[in-house]
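Input: a single structure, listed below in C-alpha coordinates.
Chain identifiers are assigned alphabetically (A, B, ...) following the order of the sequence lines, protein sequences preceding nucleic acid strands; residue numbering begins at 1 within each chain.
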Protein chains: 2
Amino acid sequence: MVETITQSIQDYLKHIYELNENGGTASTNDIAARLNIAPASVTGMLQKLASSNPPLVVYKKHQGVTLTKSGEKAALEVIRHHRLLETFLVNTLGYSWDEVHREADRLEHVISEDFEARMAEALGHPTRDPHGELIPTADLVMPTDESCPLASLRTDETATVKRVSDDDPALLRHLREIGVIPEVKLTVKNYSEFDGNLTIKVSGQKSNVVLGRTITNQIFVEK
Amino acid sequence: MVETITQSIQDYLKHIYELNENGGTASTNDIAARLNIAPASVTGMLQKLASSNPPLVVYKKHQGVTLTKSGEKAALEVIRHHRLLETFLVNTLGYSWDEVHREADRLEHVISEDFEARMAEALGHPTRDPHGELIPTADLVMPTDESCPLASLRTDETATVKRVSDDDPALLRHLREIGVIPEVKLTVKNYSEFDGNLTIKVSGQKSNVVLGRTITNQIFVEK
DNA sequence: CTTGTAATTTAGTCTAACCTAAATATATTT
DNA sequence: AAATATATTTAGGTTAGACTAAATTACAAG
Ligand SMILES: [Mn+2]
Ligand SMILES: [Mn+2]
Ligand SMILES: [Mn+2]
Ligand SMILES: [Mn+2]
(Lines give C-alpha, C1' and ligand atoms only; values in the text may rest on other atoms or scores of the structure.)
(Ligands and ions follow the chains in the order given, each with its own letter.)
Protein backbone atom coordinates (compact mmCIF):
# COMPACT_ATOMS: atom_id res chain seq x y z
CA MET A 1 0.00 0.00 0.00
CA VAL A 2 2.70 2.49 -1.05
CA GLU A 3 0.80 5.67 -1.85
CA THR A 4 1.81 7.69 -4.88
CA ILE A 5 4.62 10.20 -4.50
CA THR A 6 3.18 13.22 -6.29
CA GLN A 7 5.18 16.15 -7.63
CA SER A 8 4.08 18.16 -4.66
CA ILE A 9 5.28 15.51 -2.22
CA GLN A 10 8.58 15.29 -4.07
CA ASP A 11 9.13 18.99 -3.47
CA TYR A 12 8.31 18.67 0.21
CA LEU A 13 10.76 15.78 0.60
CA LYS A 14 13.51 17.57 -1.31
CA HIS A 15 13.29 20.65 0.87
CA ILE A 16 12.99 18.65 4.08
CA TYR A 17 16.17 16.82 3.06
CA GLU A 18 18.02 20.07 2.61
CA LEU A 19 16.73 21.47 5.90
CA ASN A 20 17.74 18.27 7.68
CA GLU A 21 21.25 18.62 6.25
CA ASN A 22 21.70 21.84 8.13
CA GLY A 23 19.50 22.13 11.14
CA GLY A 24 18.58 18.62 12.22
CA THR A 25 14.79 18.64 12.12
CA ALA A 26 12.84 20.73 9.61
CA SER A 27 10.27 23.07 11.11
CA THR A 28 6.82 23.71 9.71
CA ASN A 29 7.64 27.36 9.15
CA ASP A 30 10.93 26.73 7.37
CA ILE A 31 9.30 24.28 5.00
CA ALA A 32 6.46 26.72 4.39
CA ALA A 33 8.90 29.53 3.63
CA ARG A 34 10.89 27.43 1.18
CA LEU A 35 7.86 26.11 -0.67
CA ASN A 36 5.96 29.39 -0.60
CA ILE A 37 3.00 27.71 1.02
CA ALA A 38 1.00 28.65 4.13
CA PRO A 39 2.24 26.95 7.32
CA ALA A 40 -1.22 25.50 7.93
CA SER A 41 -1.02 23.68 4.60
CA VAL A 42 2.39 22.30 5.51
CA THR A 43 1.06 20.84 8.75
CA GLY A 44 -1.60 19.01 6.79
CA MET A 45 0.94 17.57 4.40
CA LEU A 46 3.35 16.54 7.17
CA GLN A 47 0.58 14.59 8.87
CA LYS A 48 -0.14 12.85 5.62
CA LEU A 49 3.53 12.05 4.94
CA ALA A 50 3.92 10.67 8.45
CA SER A 51 0.92 8.38 8.22
CA SER A 52 1.52 7.16 4.70
CA ASN A 53 2.65 3.60 4.14
CA PRO A 54 5.58 3.41 4.41
CA PRO A 55 5.92 6.65 6.40
CA LEU A 56 8.06 9.23 4.62
CA VAL A 57 8.75 11.46 7.61
CA VAL A 58 8.91 11.18 11.38
CA TYR A 59 6.58 13.77 12.82
CA LYS A 60 5.65 14.75 16.34
CA LYS A 61 3.46 17.78 16.91
CA HIS A 62 5.35 21.05 17.32
CA GLN A 63 8.69 19.35 16.79
CA GLY A 64 9.25 19.45 13.06
CA VAL A 65 10.13 16.47 10.89
CA THR A 66 12.99 14.31 9.76
CA LEU A 67 12.95 11.97 6.77
CA THR A 68 12.60 8.23 7.18
CA LYS A 69 14.79 5.94 5.09
CA SER A 70 12.02 5.76 2.46
CA GLY A 71 11.56 9.51 2.55
CA GLU A 72 15.27 10.04 2.11
CA LYS A 73 15.45 7.72 -0.88
CA ALA A 74 12.59 9.58 -2.53
CA ALA A 75 14.27 12.90 -1.78
CA LEU A 76 17.61 11.78 -3.17
CA GLU A 77 15.92 10.56 -6.32
CA VAL A 78 14.56 14.07 -6.95
CA ILE A 79 17.83 15.74 -6.00
CA ARG A 80 19.76 13.48 -8.36
CA HIS A 81 17.35 14.39 -11.14
CA HIS A 82 17.69 18.07 -10.35
CA ARG A 83 21.46 18.16 -10.30
CA LEU A 84 21.96 15.94 -13.33
CA LEU A 85 19.48 18.13 -15.21
CA GLU A 86 21.35 21.28 -14.29
CA THR A 87 24.59 19.76 -15.50
CA PHE A 88 22.93 18.56 -18.68
CA LEU A 89 21.36 21.94 -19.43
CA VAL A 90 24.71 23.68 -19.06
CA ASN A 91 26.80 21.12 -20.94
CA THR A 92 24.41 20.17 -23.71
CA LEU A 93 22.12 23.13 -24.28
CA GLY A 94 24.47 25.96 -23.39
CA TYR A 95 22.50 27.38 -20.48
CA SER A 96 24.47 29.60 -18.11
CA TRP A 97 24.65 28.54 -14.48
CA ASP A 98 22.18 31.15 -13.27
CA GLU A 99 19.43 29.96 -15.63
CA VAL A 100 19.27 26.26 -14.91
CA HIS A 101 17.71 26.10 -11.46
CA ARG A 102 14.15 27.04 -12.35
CA GLU A 103 14.09 24.79 -15.38
CA ALA A 104 15.44 21.84 -13.42
CA ASP A 105 12.89 22.47 -10.68
CA ARG A 106 10.10 21.60 -13.09
CA LEU A 107 11.79 18.88 -15.11
CA GLU A 108 13.01 16.95 -12.07
CA HIS A 109 9.50 15.56 -11.49
CA VAL A 110 8.72 14.29 -14.96
CA ILE A 111 11.84 12.63 -16.39
CA SER A 112 12.00 8.83 -16.40
CA GLU A 113 14.70 6.69 -14.85
CA ASP A 114 15.76 5.98 -18.40
CA PHE A 115 16.21 9.69 -19.06
CA GLU A 116 18.22 9.99 -15.86
CA ALA A 117 20.49 7.11 -16.88
CA ARG A 118 21.02 8.46 -20.39
CA MET A 119 21.94 11.90 -19.07
CA ALA A 120 24.40 10.46 -16.58
CA GLU A 121 25.96 8.38 -19.32
CA ALA A 122 26.17 11.29 -21.77
CA LEU A 123 27.78 13.48 -19.12
CA GLY A 124 30.28 10.83 -18.03
CA HIS A 125 28.68 10.23 -14.63
CA PRO A 126 29.47 13.59 -13.06
CA THR A 127 29.76 13.91 -9.29
CA ARG A 128 28.95 17.61 -9.01
CA ASP A 129 26.48 19.95 -10.71
CA PRO A 130 27.44 23.34 -12.23
CA HIS A 131 27.23 25.00 -8.81
CA GLY A 132 29.51 22.36 -7.33
CA GLU A 133 26.74 20.60 -5.43
CA LEU A 134 27.23 16.87 -5.00
CA ILE A 135 25.08 14.58 -7.13
CA PRO A 136 23.67 11.52 -5.34
CA THR A 137 24.83 8.27 -6.95
CA ALA A 138 22.58 6.10 -9.12
CA ASP A 139 21.87 3.90 -6.11
CA LEU A 140 20.87 6.99 -4.15
CA VAL A 141 23.77 7.59 -1.82
CA MET A 142 24.77 11.18 -1.14
CA PRO A 143 28.57 11.58 -1.17
CA THR A 144 29.94 13.25 1.95
CA ASP A 145 30.61 16.93 1.73
CA GLU A 146 33.77 18.23 3.39
CA SER A 147 33.27 21.89 2.65
CA CYS A 148 32.60 24.74 5.08
CA PRO A 149 31.18 28.25 4.56
CA LEU A 150 33.64 30.83 3.31
CA ALA A 151 32.32 32.96 6.18
CA SER A 152 34.15 30.72 8.64
CA LEU A 153 37.61 31.59 7.24
CA ARG A 154 39.90 34.26 8.73
CA THR A 155 42.79 36.43 7.56
CA ASP A 156 45.53 34.63 5.57
CA GLU A 157 43.58 31.41 5.19
CA THR A 158 43.58 29.88 1.73
CA ALA A 159 40.95 27.55 0.31
CA THR A 160 39.37 26.10 -2.83
CA VAL A 161 35.81 26.97 -3.77
CA LYS A 162 33.72 23.79 -3.81
CA ARG A 163 30.15 24.94 -4.25
CA VAL A 164 27.86 27.95 -4.18
CA SER A 165 24.19 28.32 -3.42
CA ASP A 166 22.19 27.98 -6.62
CA ASP A 167 18.85 29.63 -6.02
CA ASP A 168 19.62 33.32 -6.62
CA PRO A 169 20.39 34.00 -10.30
CA ALA A 170 21.62 37.54 -9.58
CA LEU A 171 24.11 36.26 -7.01
CA LEU A 172 25.30 33.59 -9.44
CA ARG A 173 25.92 36.16 -12.17
CA HIS A 174 27.86 38.29 -9.70
CA LEU A 175 29.96 35.35 -8.53
CA ARG A 176 30.79 34.44 -12.10
CA GLU A 177 31.90 38.02 -12.72
CA ILE A 178 34.27 38.10 -9.77
CA GLY A 179 35.57 34.64 -10.65
CA VAL A 180 34.17 32.75 -7.70
CA ILE A 181 33.37 29.40 -9.30
CA PRO A 182 34.01 25.81 -8.21
CA GLU A 183 37.66 24.67 -8.05
CA VAL A 184 39.00 28.24 -7.99
CA LYS A 185 41.50 29.06 -5.22
CA LEU A 186 41.15 32.10 -2.99
CA THR A 187 42.86 33.74 -0.03
CA VAL A 188 41.37 35.81 2.78
CA LYS A 189 43.23 39.10 2.94
CA ASN A 190 41.21 40.66 5.72
CA TYR A 191 38.41 39.88 8.16
CA SER A 192 36.35 42.65 9.68
CA GLU A 193 35.33 42.03 13.30
CA PHE A 194 32.40 44.42 13.03
CA ASP A 195 30.39 43.42 10.00
CA GLY A 196 32.00 40.06 9.21
CA ASN A 197 33.10 41.27 5.78
CA LEU A 198 35.90 39.33 4.14
CA THR A 199 38.41 40.82 1.73
CA ILE A 200 39.26 38.11 -0.78
CA LYS A 201 41.95 37.58 -3.36
CA VAL A 202 40.50 35.30 -6.03
CA SER A 203 43.08 33.38 -8.03
CA GLY A 204 43.33 34.73 -11.57
CA GLN A 205 41.59 38.03 -10.75
CA LYS A 206 43.37 41.37 -10.69
CA SER A 207 41.69 43.16 -7.81
CA ASN A 208 40.50 41.97 -4.40
CA VAL A 209 36.80 41.85 -3.54
CA VAL A 210 35.01 42.54 -0.27
CA LEU A 211 32.15 40.15 0.48
CA GLY A 212 29.52 40.42 3.25
CA ARG A 213 28.16 37.66 5.47
CA THR A 214 25.06 37.09 3.33
CA ILE A 215 27.31 36.13 0.46
CA THR A 216 30.11 34.33 2.28
CA ASN A 217 27.57 32.07 3.93
CA GLN A 218 26.47 30.87 0.51
CA ILE A 219 29.94 29.99 -0.71
CA PHE A 220 31.45 26.71 0.47
CA VAL A 221 35.15 25.95 0.41
CA GLU A 222 37.73 23.35 1.40
CA LYS A 223 40.94 24.47 3.03
CA MET B 1 -8.83 37.53 -17.64
CA VAL B 2 -6.93 34.83 -19.55
CA GLU B 3 -7.32 31.74 -17.40
CA THR B 4 -4.35 29.44 -16.91
CA ILE B 5 -3.74 26.71 -19.45
CA THR B 6 -3.03 23.73 -17.22
CA GLN B 7 -1.24 20.55 -18.27
CA SER B 8 -4.58 18.84 -18.47
CA ILE B 9 -6.01 21.51 -20.75
CA GLN B 10 -2.91 21.32 -22.94
CA ASP B 11 -3.57 17.63 -23.48
CA TYR B 12 -7.21 18.26 -24.36
CA LEU B 13 -6.24 20.92 -26.90
CA LYS B 14 -3.52 18.78 -28.43
CA HIS B 15 -5.87 15.87 -29.02
CA ILE B 16 -8.69 18.08 -30.25
CA TYR B 17 -6.24 19.55 -32.77
CA GLU B 18 -5.34 16.12 -34.06
CA LEU B 19 -8.99 15.05 -34.24
CA ASN B 20 -9.86 18.25 -36.10
CA GLU B 21 -7.10 17.47 -38.63
CA ASN B 22 -8.93 14.34 -39.65
CA GLY B 23 -12.59 14.46 -38.96
CA GLY B 24 -13.60 18.11 -38.81
CA THR B 25 -15.14 18.43 -35.34
CA ALA B 26 -13.91 16.37 -32.38
CA SER B 27 -16.59 14.38 -30.58
CA THR B 28 -16.86 13.99 -26.84
CA ASN B 29 -16.35 10.24 -27.13
CA ASP B 30 -13.30 10.45 -29.37
CA ILE B 31 -11.63 12.89 -27.01
CA ALA B 32 -12.52 10.69 -24.05
CA ALA B 33 -11.06 7.62 -25.76
CA ARG B 34 -7.81 9.39 -26.60
CA LEU B 35 -7.33 10.84 -23.14
CA ASN B 36 -8.53 7.77 -21.28
CA ILE B 37 -11.09 9.81 -19.43
CA ALA B 38 -14.84 9.26 -18.91
CA PRO B 39 -16.99 11.04 -21.52
CA ALA B 40 -18.88 12.84 -18.76
CA SER B 41 -15.64 14.43 -17.60
CA VAL B 42 -14.85 15.54 -21.13
CA THR B 43 -18.20 17.31 -21.43
CA GLY B 44 -17.39 19.25 -18.31
CA MET B 45 -14.02 20.29 -19.61
CA LEU B 46 -15.37 21.27 -23.03
CA GLN B 47 -17.90 23.57 -21.40
CA LYS B 48 -15.12 25.15 -19.44
CA LEU B 49 -12.86 25.58 -22.47
CA ALA B 50 -15.72 27.12 -24.44
CA SER B 51 -16.58 29.65 -21.77
CA SER B 52 -13.03 30.62 -20.84
CA ASN B 53 -11.71 34.00 -21.81
CA PRO B 54 -10.66 33.94 -24.56
CA PRO B 55 -12.64 30.83 -25.57
CA LEU B 56 -10.37 27.95 -26.57
CA VAL B 57 -12.98 25.83 -28.38
CA VAL B 58 -16.28 26.33 -30.15
CA TYR B 59 -18.80 24.07 -28.53
CA LYS B 60 -22.47 23.38 -29.18
CA LYS B 61 -24.20 20.61 -27.29
CA HIS B 62 -24.06 17.21 -28.97
CA GLN B 63 -21.99 18.56 -31.85
CA GLY B 64 -18.41 18.19 -30.71
CA VAL B 65 -15.81 20.95 -30.74
CA THR B 66 -13.37 22.76 -32.95
CA LEU B 67 -10.48 24.90 -31.75
CA THR B 68 -10.63 28.67 -31.82
CA LYS B 69 -7.60 30.61 -33.01
CA SER B 70 -6.40 30.88 -29.38
CA GLY B 71 -7.03 27.20 -28.80
CA GLU B 72 -5.12 26.31 -31.93
CA LYS B 73 -2.13 28.41 -30.92
CA ALA B 74 -2.02 26.73 -27.53
CA ALA B 75 -2.32 23.32 -29.19
CA LEU B 76 0.47 24.04 -31.65
CA GLU B 77 2.69 25.20 -28.83
CA VAL B 78 2.35 21.81 -27.14
CA ILE B 79 2.72 19.90 -30.39
CA ARG B 80 5.89 21.85 -31.23
CA HIS B 81 7.27 21.00 -27.81
CA HIS B 82 6.36 17.34 -28.24
CA ARG B 83 7.91 16.91 -31.66
CA LEU B 84 11.06 18.88 -30.92
CA LEU B 85 11.48 16.82 -27.76
CA GLU B 86 11.14 13.57 -29.67
CA THR B 87 13.78 14.73 -32.12
CA PHE B 88 16.05 15.87 -29.33
CA LEU B 89 15.72 12.61 -27.39
CA VAL B 90 16.65 10.60 -30.47
CA ASN B 91 19.48 12.84 -31.68
CA THR B 92 21.04 13.83 -28.38
CA LEU B 93 20.29 11.08 -25.90
CA GLY B 94 20.23 8.11 -28.24
CA TYR B 95 16.65 7.05 -27.66
CA SER B 96 15.16 4.80 -30.33
CA TRP B 97 12.07 6.04 -32.12
CA ASP B 98 9.67 3.75 -30.30
CA GLU B 99 10.72 5.04 -26.86
CA VAL B 100 10.34 8.77 -27.25
CA HIS B 101 6.61 9.30 -27.35
CA ARG B 102 5.79 8.63 -23.70
CA GLU B 103 8.72 10.68 -22.45
CA ALA B 104 7.80 13.62 -24.69
CA ASP B 105 4.18 13.38 -23.55
CA ARG B 106 5.24 14.36 -20.04
CA LEU B 107 8.04 16.79 -20.83
CA GLU B 108 6.00 18.78 -23.37
CA HIS B 109 4.12 20.52 -20.55
CA VAL B 110 7.03 21.66 -18.42
CA ILE B 111 9.79 22.93 -20.69
CA SER B 112 10.22 26.70 -21.04
CA GLU B 113 10.19 28.65 -24.27
CA ASP B 114 13.90 29.06 -23.73
CA PHE B 115 14.33 25.29 -23.63
CA GLU B 116 12.29 25.00 -26.80
CA ALA B 117 14.44 27.59 -28.57
CA ARG B 118 17.70 26.00 -27.46
CA MET B 119 16.60 22.57 -28.64
CA ALA B 120 15.52 23.92 -32.02
CA GLU B 121 18.88 25.68 -32.37
CA ALA B 122 20.89 22.62 -31.33
CA LEU B 123 18.97 20.44 -33.78
CA GLY B 124 19.31 22.91 -36.68
CA HIS B 125 15.63 23.87 -36.74
CA PRO B 126 14.25 20.55 -37.93
CA THR B 127 10.94 20.44 -39.83
CA ARG B 128 10.00 16.84 -38.99
CA ASP B 129 10.26 14.64 -35.91
CA PRO B 130 11.70 11.10 -35.91
CA HIS B 131 8.39 9.67 -37.11
CA GLY B 132 8.28 12.18 -39.94
CA GLU B 133 5.55 14.30 -38.39
CA LEU B 134 5.74 17.99 -39.23
CA ILE B 135 6.94 20.33 -36.50
CA PRO B 136 5.02 23.62 -36.17
CA THR B 137 7.28 26.63 -36.71
CA ALA B 138 8.47 28.86 -33.87
CA ASP B 139 5.65 31.30 -34.66
CA LEU B 140 3.19 28.43 -34.43
CA VAL B 141 2.26 27.72 -38.00
CA MET B 142 1.75 24.11 -39.02
CA PRO B 143 3.36 23.36 -42.39
CA THR B 144 0.99 21.75 -44.89
CA ASP B 145 1.13 18.01 -45.18
CA GLU B 146 0.87 16.53 -48.69
CA SER B 147 0.98 12.89 -47.71
CA CYS B 148 -1.74 10.27 -48.01
CA PRO B 149 -2.21 6.88 -46.32
CA LEU B 150 -0.26 4.01 -47.86
CA ALA B 151 -3.60 2.19 -47.79
CA SER B 152 -4.81 4.39 -50.65
CA LEU B 153 -2.15 3.12 -53.11
CA ARG B 154 -2.74 0.38 -55.66
CA THR B 155 -0.65 -2.13 -57.63
CA ASP B 156 2.46 -0.71 -59.34
CA GLU B 157 2.29 2.67 -57.61
CA THR B 158 5.52 3.98 -56.15
CA ALA B 159 5.88 6.45 -53.29
CA THR B 160 8.16 7.84 -50.58
CA VAL B 161 7.38 7.23 -46.92
CA LYS B 162 6.81 10.57 -45.19
CA ARG B 163 5.56 9.74 -41.72
CA VAL B 164 4.23 6.95 -39.55
CA SER B 165 1.94 6.94 -36.55
CA ASP B 166 3.99 7.28 -33.37
CA ASP B 167 1.88 5.98 -30.53
CA ASP B 168 2.41 2.22 -30.76
CA PRO B 169 5.98 1.24 -29.82
CA ALA B 170 5.53 -2.33 -31.03
CA LEU B 171 4.41 -1.15 -34.47
CA LEU B 172 7.35 1.26 -34.63
CA ARG B 173 9.82 -1.51 -33.86
CA HIS B 174 8.25 -3.65 -36.56
CA LEU B 175 8.38 -0.86 -39.13
CA ARG B 176 12.01 -0.23 -38.37
CA GLU B 177 12.71 -3.93 -38.90
CA ILE B 178 11.08 -4.06 -42.31
CA GLY B 179 12.75 -0.80 -43.29
CA VAL B 180 9.66 1.40 -43.43
CA ILE B 181 11.07 4.71 -42.19
CA PRO B 182 10.70 8.28 -43.46
CA GLU B 183 12.23 9.09 -46.87
CA VAL B 184 12.43 5.43 -47.88
CA LYS B 185 10.94 4.56 -51.29
CA LEU B 186 8.52 1.70 -51.81
CA THR B 187 6.44 0.10 -54.53
CA VAL B 188 3.09 -1.67 -54.31
CA LYS B 189 3.45 -5.10 -55.88
CA ASN B 190 -0.09 -6.27 -55.18
CA TYR B 191 -3.40 -5.11 -53.77
CA SER B 192 -5.93 -7.60 -52.44
CA GLU B 193 -9.55 -6.68 -53.13
CA PHE B 194 -10.78 -8.80 -50.25
CA ASP B 195 -8.84 -7.82 -47.17
CA GLY B 196 -7.13 -4.68 -48.45
CA ASN B 197 -3.68 -6.17 -47.89
CA LEU B 198 -0.81 -4.60 -49.80
CA THR B 199 2.30 -6.45 -50.91
CA ILE B 200 5.15 -3.99 -50.73
CA LYS B 201 8.70 -3.85 -52.03
CA VAL B 202 10.65 -1.62 -49.71
CA SER B 203 13.74 -0.06 -51.25
CA GLY B 204 16.90 -1.60 -49.86
CA GLN B 205 15.13 -4.70 -48.47
CA LYS B 206 15.52 -8.19 -49.92
CA SER B 207 12.04 -9.63 -49.56
CA ASN B 208 8.59 -8.15 -50.05
CA VAL B 209 6.23 -7.64 -47.11
CA VAL B 210 2.46 -7.96 -46.89
CA LEU B 211 0.77 -5.28 -44.78
CA GLY B 212 -2.86 -5.15 -43.59
CA ARG B 213 -5.19 -2.16 -43.51
CA THR B 214 -4.55 -1.46 -39.82
CA ILE B 215 -0.91 -0.86 -40.63
CA THR B 216 -1.18 0.79 -44.04
CA ASN B 217 -3.57 3.36 -42.60
CA GLN B 218 -0.84 4.44 -40.18
CA ILE B 219 1.84 4.94 -42.83
CA PHE B 220 1.72 8.15 -44.87
CA VAL B 221 3.45 8.56 -48.21
CA GLU B 222 3.90 10.96 -51.09
CA LYS B 223 3.71 9.66 -54.65
C1' DC C 1 6.09 31.53 37.68
C1' DT C 2 3.43 34.38 34.92
C1' DT C 3 2.76 36.61 30.67
C1' DG C 4 3.39 37.93 25.87
C1' DT C 5 4.94 36.50 21.39
C1' DA C 6 5.87 33.38 17.90
C1' DA C 7 5.12 28.87 15.99
C1' DT C 8 2.02 25.45 15.06
C1' DT C 9 -2.25 23.13 14.59
C1' DT C 10 -7.30 22.75 13.85
C1' DA C 11 -11.46 23.81 11.51
C1' DG C 12 -13.76 25.07 7.73
C1' DT C 13 -13.49 26.42 2.54
C1' DC C 14 -12.17 26.36 -2.21
C1' DT C 15 -10.79 24.78 -6.89
C1' DA C 16 -9.31 21.61 -10.51
C1' DA C 17 -10.07 17.48 -12.41
C1' DC C 18 -11.62 13.45 -12.25
C1' DC C 19 -15.57 9.64 -11.30
C1' DT C 20 -20.43 6.91 -11.63
C1' DA C 21 -25.28 6.64 -12.41
C1' DA C 22 -29.17 8.47 -14.41
C1' DA C 23 -31.43 11.36 -17.77
C1' DT C 24 -31.80 13.03 -22.32
C1' DA C 25 -30.84 13.85 -27.01
C1' DT C 26 -29.47 12.09 -31.54
C1' DA C 27 -28.94 8.52 -34.96
C1' DT C 28 -30.11 4.14 -36.99
C1' DT C 29 -33.19 0.55 -38.02
C1' DT C 30 -37.20 -1.53 -38.93
C1' DA D 1 -42.83 7.13 -37.84
C1' DA D 2 -41.71 4.44 -33.99
C1' DA D 3 -38.44 1.77 -31.56
C1' DT D 4 -33.99 0.91 -30.27
C1' DA D 5 -29.22 1.84 -29.77
C1' DT D 6 -25.57 5.06 -29.13
C1' DA D 7 -23.69 9.43 -27.78
C1' DT D 8 -23.86 13.07 -24.77
C1' DT D 9 -25.08 15.69 -20.85
C1' DT D 10 -26.59 16.46 -16.04
C1' DA D 11 -26.38 15.61 -11.24
C1' DG D 12 -24.03 14.46 -7.43
C1' DG D 13 -19.70 12.90 -5.32
C1' DT D 14 -14.51 12.26 -4.43
C1' DT D 15 -9.64 13.54 -3.89
C1' DA D 16 -5.41 16.30 -3.69
C1' DG D 17 -3.61 20.30 -2.35
C1' DA D 18 -3.97 24.62 -1.44
C1' DC D 19 -6.14 28.84 1.54
C1' DT D 20 -7.79 31.90 5.87
C1' DA D 21 -9.15 32.57 10.50
C1' DA D 22 -9.21 31.00 14.99
C1' DA D 23 -7.42 28.11 18.67
C1' DT D 24 -3.67 26.10 20.94
C1' DT D 25 0.96 25.14 22.35
C1' DA D 26 5.81 26.28 23.25
C1' DC D 27 9.25 29.40 24.55
C1' DA D 28 11.48 33.42 26.32
C1' DA D 29 11.71 37.39 29.33
C1' DG D 30 10.60 39.71 33.16
MN1 LIG E 1 19.41 23.74 -8.19
MN1 LIG F 1 10.45 21.03 -8.08
MN1 LIG G 1 4.67 11.75 -30.61
MN1 LIG H 1 0.94 15.18 -22.55
Nearest whole angstrom, please: distance from the [atom2] of [N] to the [atom1] of [X].
{"X": "B/M45", "N": "C/dC19", "atom1": "CE", "atom2": "P", "result": "11 Å"}
{"X": "B/N36", "N": "C/dC18", "atom1": "CG", "atom2": "C1'", "result": "13 Å"}
{"X": "B/I9", "N": "C/dA16", "atom1": "CD1", "atom2": "C1'", "result": "9 Å"}
{"X": "B/I5", "N": "C/dA16", "atom1": "CD1", "atom2": "P", "result": "14 Å"}
{"X": "B/H62", "N": "C/dT26", "atom1": "NE2", "atom2": "C1'", "result": "7 Å"}
{"X": "A/L35", "N": "D/dA18", "atom1": "CG", "atom2": "C1'", "result": "12 Å"}
{"X": "B/Q7", "N": "D/dA16", "atom1": "CD", "atom2": "C1'", "result": "15 Å"}
{"X": "A/D11", "N": "D/dG17", "atom1": "CG", "atom2": "P", "result": "11 Å"}

N or O in side chain of [X] less than 4.0 angstrom from [N] OP1/OP2:
{"X": "B/T43", "N": "D/dT10", "result": "no"}
{"X": "B/N29", "N": "D/dT8", "result": "yes"}
{"X": "A/Y59", "N": "C/dT9", "result": "yes"}
{"X": "B/S27", "N": "D/dA7", "result": "no"}
{"X": "A/Y12", "N": "D/dA18", "result": "yes"}
{"X": "A/K61", "N": "D/dA26", "result": "no"}
{"X": "B/S41", "N": "C/dC18", "result": "no"}
{"X": "A/Q47", "N": "C/dT10", "result": "yes"}

- Item | Closest heavy-atom pair and its distance - A/D195, A/R213 |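 Heavy atoms of A/D195 and A/R213 come nearest at O-CG, 4.0 Å.
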- Message: Minimum heavy-atom separation for A/F220 and A/S147, please, with both atom names.
- Response: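 Closest heavy-atom pair between A/F220 and A/S147: CB-OG, 3.4 Å.
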- Task: Please tell me which of B/K48 and B/A40 maps to the more 5' nucleotide of DNA chain C, matching each residue to the nucleotide holding its nearest heavy atom.
- Result: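 Its nearest nucleotide lies further toward 5', so the answer is B/K48.
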- Item | Candidates C/dC19, D/dA18, D/dA21 - which lies nearest the side chain of B/I37 |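 Looking only at heavy atoms from C-beta outward on B/I37, the closest nucleotide is C/dC19.
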- Query: For the side chain of B/T6, counting heavy atoms from C-beta on, which of D/dA16, C/dA17, C/dA25 is nearest?
  - Reply: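 Looking only at side-chain atoms, B/T6 lies closest to C/dA17.
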- Message: Quick check on side chain to side chain contact (heavy atoms under 4.5 Å, CB included): which of A/T216, A/I219, A/V210 does A/L198 satisfy it with?
- Response: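 Single side chain to side chain contact (heavy atoms under 4.5 Å, CB included) partner of A/L198 among A/T216, A/I219, A/V210: A/T216.
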- Message: Could you check whether any side-chain N or O of A/R83 sits under 3.5 Å from a backbone N or O of A/L134, counting only pairs where one atom can act as donor and the other as acceptor?
- Response: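 Side chain of A/R83 to backbone of A/L134, a donor-acceptor pair under 3.5 Å: yes, one is there.
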- Item | Separation between OG1 of B/T92 and CZ of A/F88, rounded to the nearest 0.5 Å |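 So the gap between those two atoms works out to 6.0 Å.
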- Query: Between A/E18 and A/R34, is a salt bridge (charged side-chain N to carboxylate O under 4.0 Å, His left out) present by the stated rule, with each step listed?
  - Reply: CA-CA 10 Å; A/E18 286 165 2; A/R34 281 200 173 226; 2.9 Å; yes
- B/T28 near the nucleic acid: base, sugar-phosphate alone, or nothing, with a heavy-atom cut-off under 4.0 Å?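 It contacts sugar-phosphate atoms only.
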- Query: So what does B/S8 touch, heavy atoms closer than 4.0 Å: a base, only the sugar-phosphate, or nothing?
  - Reply: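 Sugar-phosphate: the residue B/S8, judged by heavy atoms under 4.0 Å, touches backbone atoms but no base.
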